[in-house]
Amino acid sequence: MNIKKICCIGAGYVGGPTMAVIAQKCPLINVTVVDINTDRIAAWNSNDLSKLPVYEPDLDSIIKEARGRNLFFSTEVDNAIDAADMIFISVNTPTKTYGKGKGLAADLKYIELCARQIARVSRQDKIVVEKSTLPVRTASAIKSILDNTGNGVQFQILSNPEFLAEGTAVKDLLEPDRVLIGGDSTKEGKGAIQSLVDIYANWVPKDRILTTNVWSSELSKLTANAFLAQRVSSINAMSVICEKTGADINEVSKAIGMDSRIGPKFLESSVGFGGSCFQKDILNLVYIAKSYGLNEVADYWEQVILMNDYQKNRFSDNIVSTLYNTVSGKKITFLGWAFKKDTNDTRESAAIQVADNLLNERAYIEVYDPKVTEERIYADLEHLNSRNPEENRELLKIRQNPYQASENSHAIAVLTEWDEFKTFDWQKIYDNMKKPAFIFDGRGILDTKTLEKIGFICYQIGSGTKA
Ligand SMILES: NC(=O)C1=CN([C@@H]2O[C@H](COP(=O)(O)OP(=O)(O)OC[C@H]3O[C@@H](n4cnc5c(N)ncnc54)[C@H](O)[C@@H]3O)[C@@H](O)[C@H]2O)C=CC1
Ligand SMILES: O=C(O)[C@H]1O[C@H](OP(=O)(O)OP(=O)(O)OC[C@H]2O[C@@H](n3ccc(=O)[nH]c3=O)[C@H](O)[C@@H]2O)[C@H](O)[C@@H](O)[C@@H]1O
């Protein structure tokens with residue numbers, strides 16, 4: 001099928017950037033991104049490009065080029081589905097918070113609603129593409145809904161998981177390591193796969209477009225995220241041993257990363273991984289393994305999450321014990337709230353858990369993050385339900401610059417690796433802090449030698465405190 005019109009359901013961190021790049025690279029295809037969230041769609045349509053709902057380097061210029069030409073953002077979901085030859089489902093698939101599989105399984109209610117809506121609205125044959133991350137074999141559920149509740153039109157289901165990382169979404173989309181497309185081996189299935197291959201082939205080299213069966217594609221996405229998260233937990237586990245033994249995690253990372261079988265990437269020790277997907281996808285994998293009675297496999301992957309929780313908690317524990325076993329009434333400055341640099345996304349950010357632990361110890365926190373909004377930070381805390389919203393607002397304040405956030409502070413905690421933190425006037429920060437002035441660098445980004453010369457007492461993940 002020669003695709004002329006695409007609809008993408010879900011204008012989030014994946015739907016927005018992914019469709020923007022498809023629209024930019026395929027000017028002859030009309031791409032409409034729809035969402036039920038009217039505020040989000042309004043923000044995507046904003047003339048002020050700094051107000052786009054997703055912050056990603058270079059995304060604004062792509063939106064500027066394609067929006068209004070062949071890229072549209074709309075809340076008219078039915079119309080866009082009806083008009084499209086190909087529909088991407090890019091809605092959220094969070095961890096279930098109720099019923100069977102609570103706390104582990106992926107909640108597929110949004111996916112099912114999409115499938116039912118597509119079935120109800122469609123009046124001609126369509127290709128439906130799973131872009132969301134889904135448990136293996138979800139495509140069969142989508143197919144069953146489409147075939148049983150539709151108007152007799154034919155649907156082909158493809159799995160096309162997204163591998164972009166936030167903060168580098170545009171680069172990852174323009175130069176992907178690979179594009180994965182899973183589909184049926186029937187004639188119609190192969191035709192659908194080819195239609196999607198043809199779209200990506202507009203900018204992705206053919207040898208990077210991989211086609212597989214649907215189940216392999218669905219499972220490869222969960223596997224990739226599990227392996228990546230496991231690498232972070234592995235290096236974080238070693239960071240604790242480094243702190244006990246005098247080894248330095250950066251030196252260890254470098255030494256092992258030079259082994260071409262291990263490779264140098266994704267070996268940065270941190271206060272713990274965050275983001276909307278690693279934890280959710282591993283929990284989902286754990287649930288799938290358990291549902292097949294594979295308890296050893298489930299335990300193996302669960303350990304990656306337990307290690308990550310440990311890393312976050314030990315960071316806050318260390319702050320408390322270093323500050324003479326009490327932070328009650330002491331001011332602690334948080335540099336960063338986002339789960340990684342170059343994004344405004346805070347989902348599952350380590351900062352949230354660390355803040356909650358310190359607030360439980362009655363610390364007073366002031367946060368500076370260059371991209372995260374005040375409402376987002378309070379919403380993250382409220383979501384935990386640890387104390388009432390007024391208390392959160394009393395105990396934690398958001399500041400627009402690091403100097404204000406660190407005035408009269410007992411300690412600074414680096415939670416996100418924003419580049420700008422390296423260029424602050426650290427002497428000025430030191431001068432205005434309580435003494436001794438502590439820095440807890442949860443990202444290993446600061447030059448501790450220079451800071452120690454100024455007078456700071458520095459702790460760095462994986463190398464410990466040098467007083
Ligand atoms: N965030 C990321 O970096 C990545 C996410 N993924 C996966 O992609 C999927 C989407 O993730 P995000 O974009 O981060 O989620 P998101 O939460 O940012 O966006 C999802 C959007 O779908 C909309 N939506 C939900 N149900 C809808 C419906 N019935 N009709 C219309 N709109 C609807 C929501 O209003 C929301 O705006 C998830 O399965 C995730 O695991 C995959 C790779 C990367
Ligand atoms: O499915 C998803 O949502 C995406 O999840 C991750 O992308 P993302 O979570 O956006 O960002 P990462 O760069 O993977 O970082 C995840 C977390 O791990 C942390 N991390 C990463 C690398 C590292 O060496 N150390 C480390 O602590 C980051 O700071 C961050 O908190 C994957 O990298 C993407 O391929 C995938 O598409």
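Whatever order the structure lists them in is the order used to number ligands and atoms, beginning at 1.
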Distance to 0.1 Å, residue and atom name: give those for the protein heavy atom nearest to [atom].
| atom | result |
| --- | --- |
| atom 8 (O) of ligand 1 | Val14 CG2, 3.6 Å |
| atom 28 (C) of ligand 1 | Ile36 CD1, 3.9 Å |
| atom 16 (C) of ligand 2 | Phe278 CE1, 3.6 Å |
| atom 3 (O) of ligand 2 | Cys277 SG, 2.7 Å |
| atom 3 (O) of ligand 1 | Glu166 OE2, 3.1 Å |
| atom 25 (C) of ligand 1 | Asn92 OD1, 3.3 Å |
| atom 30 (N) of ligand 1 | Ile9 CG2, 3.4 Å |
| atom 4 (C) of ligand 2 | Leu164 O, 3.5 Å |
| atom 42 (C) of ligand 1 | Thr133 OG1, 3.5 Å |
| atom 43 (C) of ligand 1 | Glu162 O, 3.2 Å |
| atom 29 (N) of ligand 1 | Cys114 SG, 3.8 Å |
| atom 14 (O) of ligand 2 | Phe266 CZ, 3.1 Å |
| atom 27 (O) of ligand 2 | Ser270 OG, 2.6 Å |
| atom 15 (O) of ligand 2 | Lys340 CD, 4.0 Å |
| atom 29 (O) of ligand 2 | Arg443 NH1, 2.7 Å |
| atom 9 (O) of ligand 2 | Phe339 CE1, 3.5 Å |

Self-check item: Pair Gln156-Ser195, side chain to side chain donor-acceptor pair (under 3.5 Å): steps then yes or no
Solution: CA-CA 11 Å; Gln156 282 301 316; Ser195 300; over 6 Å; no
Counting both backbone and side chain atoms, is some N or O of [X] under 3.5 Å from an N or O of ligand 2?
| X | value |
| --- | --- |
| Ala165 | no |
| Glu417 | no |
| Glu268 | yes |

Practice problem: Going by heavy-atom distance to atom 17 (C) of ligand 2, choose the closest among Ala229, Gly274, Gly167. | Solution: Gly274
Quiz prompt | The one among Glu162, Gln279, Glu166, Lys221 that brings a heavy atom closest to atom 1 (O) of ligand 2 | solution = Lys221
Quiz item: Any idea which atoms of ligand 2 are less than 4.0 Å away from a heavy-atom of Leu228?
Solution: 32 (C), 33 (O)
Which ligand 1 atoms does [X] reach within 4.0 Å, using its non-hydrogen atoms?
| X | value |
| --- | --- |
| Lys280 | 40 (C), 41 (O) |
| Leu164 | 3 (O), 44 (C) |
| Ser90 | 10 (C), 20 (C) |

Quiz item: Taking the inter-plane angle between the rings of Phe440 and Phe438 on a 0 to 90° scale, is it parallel (under 30°), tilted (30 to 60°) or perpendicular (over 60°)?
Solution: parallel
Exercise. Indicate whether any N or O donor in one side chain lies under 3.5 Å from an N or O acceptor in the other, for Ser239 and Arg314.
Key: yes
What I want to know is whether [X] and ligand 1 share at least one N or O pair that is separated by under 3.5 angstrom.
| X | result |
| --- | --- |
| Arg347 | yes |
| Gln117 | no |
| Thr93 | yes |
| Arg40 | yes |
| Tyr13 | yes |
| Lys221 | no |

Self-check item: Step-by-step side-chain contact (heavy atoms from CB on, under 4.5 Å) determination, Asp345 to Tyr13
Solution: CA-CA 9 Å; Asp345 195 349; Tyr13 283 86; 3.7 Å; yes
Practice problem: Validate the cation-pi geometry between Lys131 and Phe88: distance from NZ or CZ to the six-membered ring centre under 6.0 Å, angle to the ring axis within 45°. | Solution: no
Quiz item: Does NZ or CZ of Arg67 lie under 6.0 Å from the centre of the six-membered ring of Phe73, at an angle within 45° of the ring axis?
Solution: no
Which one holds for [X] and ligand 1: side chain close, backbone close, both close, or neither close, with close meaning a heavy atom under 4.0 Å?
| X | answer |
| --- | --- |
| Ser132 | both |
| Val91 | both |
| Ser276 | side chain |

Self-check item: Identified ring-ring contact (aromatic ring centres under 6.0 Å, His included) counterpart of Phe278 within the set Phe273, Phe227, Phe339
Solution: Phe273
Exercise. Measure the spacing between CG of Asp39 and CG of Asn37 and express it to the nearest 0.5 Å.
Key: 5.5 Å
Counting only N and O atoms by type, is there a donor-acceptor contact under 3.5 Å from the side chain of [X] to the main-chain atoms of [Y]?
| X | Y | answer |
| --- | --- | --- |
| Asp85 | Lys126 | no |
| Asn160 | Leu180 | yes |
| Thr416 | Trp418 | no |

Quiz item: Crowded around Lys5 NZ? As in, over 12 foreign heavy atoms under 6.0 Å?
Solution: no
Practice problem: Using a cut-off of 6.0 Å, state whether more than 12 heavy atoms not belonging to Glu268 lie near its atom CD. | Solution: no
Practice problem: State, with a plain yes or no, whether a side-chain heavy atom of Asp441 is found less than 4.5 Å away from one of Arg443. | Solution: yes
Quiz prompt | Steps toward side chain to side chain donor-acceptor pair (under 3.5 Å) verdict (Trp44, Asp35) | solution = CA-CA 11 Å; Trp44 279 115; Asp35 206 295; over 6 Å; no
Measure across [X] and [Y] and return the closest heavy-atom pair with its distance rounded to 0.1 Å.
| X | Y | value |
| --- | --- | --- |
| Phe334 | Ala351 | CE2-O, 3.6 Å |
| Asn392 | Tyr378 | O-CE2, 3.9 Å |
| Ala298 | Ala289 | N-CB, 3.8 Å |

Quiz item: Looking only at heavy atoms, is any part of Leu267 under 4.0 Å from ligand 2, and if so is it the side chain, the backbone, or both, or is it neither?
Solution: backbone
Quiz item: So is Thr133 close enough to ligand 2, meaning a heavy atom under 4.0 angstrom away?
Solution: no
Practice problem: Give the intermediate values and the outcome of salt bridge (charged side-chain N to carboxylate O under 4.0 Å, His left out) for residues Lys221 and Glu130. | Solution: CA-CA 12 Å; Lys221 173 64 196 176; Glu130 299 174 346; over 6 Å; no
Quiz item: Any Lys/Arg nitrogen of Asp380 or Arg376 sitting under 4.0 Å from an Asp/Glu carboxylate oxygen of the other?
Solution: yes
